[in-house]
Participant: 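Next up is a structure, given as structure tokens.
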Amino acid sequence: MQCHYCDRGADITVEKDGVQVGLCEDHFREQLDSLADAEALEDLREQLDIERA
């Protein structure tokens with residue numbers, strides 16, 4: 001699978017409701033950084049049940 005944003009291979013793929021999206025590491029980090037500034041990240045943490053060590 002290719003990255004959704006560029007021609008590189010996807011390092012990370014996610015599927016929800018039959019839709020699959022892939023991201024290379026660079027674009028994954030960019031998206032994660034943009035989420036870090038948004039309230040959506042806290043919602044995502046709750047959905048995924050992520051706790052910091």
Side-chain angles (χ1 to χ4, degrees):
M1 172 172 261
Q2 263 182 280
C3 176
H4 181 73
Y5 296 100
C6 67
D7 292 334
R8 289 183 279 185
D11 295 310
I12 299 163
T13 59
V14 178
E15 183 176 345
K16 181 173 182 181
D17 298 331
V19 176
Q20 191 173 20
V21 177
L23 296 172
C24 66
E25 186 175 344
D26 290 340
H27 284 114
F28 174 76
R29 289 182 186 275
E30 284 179 19
Q31 294 302 312
L32 194 58
D33 286 344
S34 69
L35 283 173
D37 295 332
E39 289 181 22
L41 183 59
E42 186 59 36
D43 293 340
L44 181 62
R45 281 187 177 134
E46 289 175 8
Q47 287 179 17
L48 297 176
D49 195 25
I50 295 174
E51 295 180 14
R52 290 189 176 184

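Note that the coordinates shown come from a computational prediction; the quantities given were computed from them, not determined experimentally.
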Participant: Q2: which residues meet the side-chain contact (heavy atoms from CB on, under 4.5 Å) condition with it, sequence neighbours left out?
Facilitator: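 For Q2, the residues satisfying side-chain contact (heavy atoms from CB on, under 4.5 Å) (neighbours in sequence not counted) are D7.
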Participant: Taking salt bridge (charged side-chain N to carboxylate O under 4.0 Å, His left out) as the test, write out the residues that go with D26, two or more places apart.
Facilitator: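 Scan of D26 (salt bridge (charged side-chain N to carboxylate O under 4.0 Å, His left out), adjacent residues dropped) gives R8.
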Participant: Any chance you could pull the hydrophobic cluster mates of L32, using side-chain heavy atoms under 4.5 angstrom and chaining through other members?
Facilitator: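 Via sub-4.5 Å side-chain contacts, L32 links to Y5, I12, V14, L23, F28.
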Participant: For T13, what residues pass the side-chain contact (heavy atoms from CB on, under 4.5 Å) criterion, not counting sequence neighbours?
Facilitator: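 So T13 forms a side-chain contact (heavy atoms from CB on, under 4.5 Å) with M1, A10, Q20.
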Participant: Which atom names give the shortest non-hydrogen contact between C24 and C6, and what distance separates them?
Facilitator: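 For C24 and C6, the tightest heavy-atom pair comes out as SG-SG, 3.9 Å.
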Participant: Would you list the pairs meeting salt bridge (charged side-chain N to carboxylate O under 4.0 Å, His left out) in which at least one residue belongs to residues 14-24, sequence neighbours left out?
Facilitator: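 Every candidate salt bridge (charged side-chain N to carboxylate O under 4.0 Å, His left out) pair involving residues 14-24 fails, so no pair, neighbours aside, qualifies.
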Participant: E30: which residues meet the side-chain contact (heavy atoms from CB on, under 4.5 Å) condition with it, sequence neighbours left out?
Facilitator: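 Testing E30 for side-chain contact (heavy atoms from CB on, under 4.5 Å), a comparison that skips the adjacent residues, returns H27.
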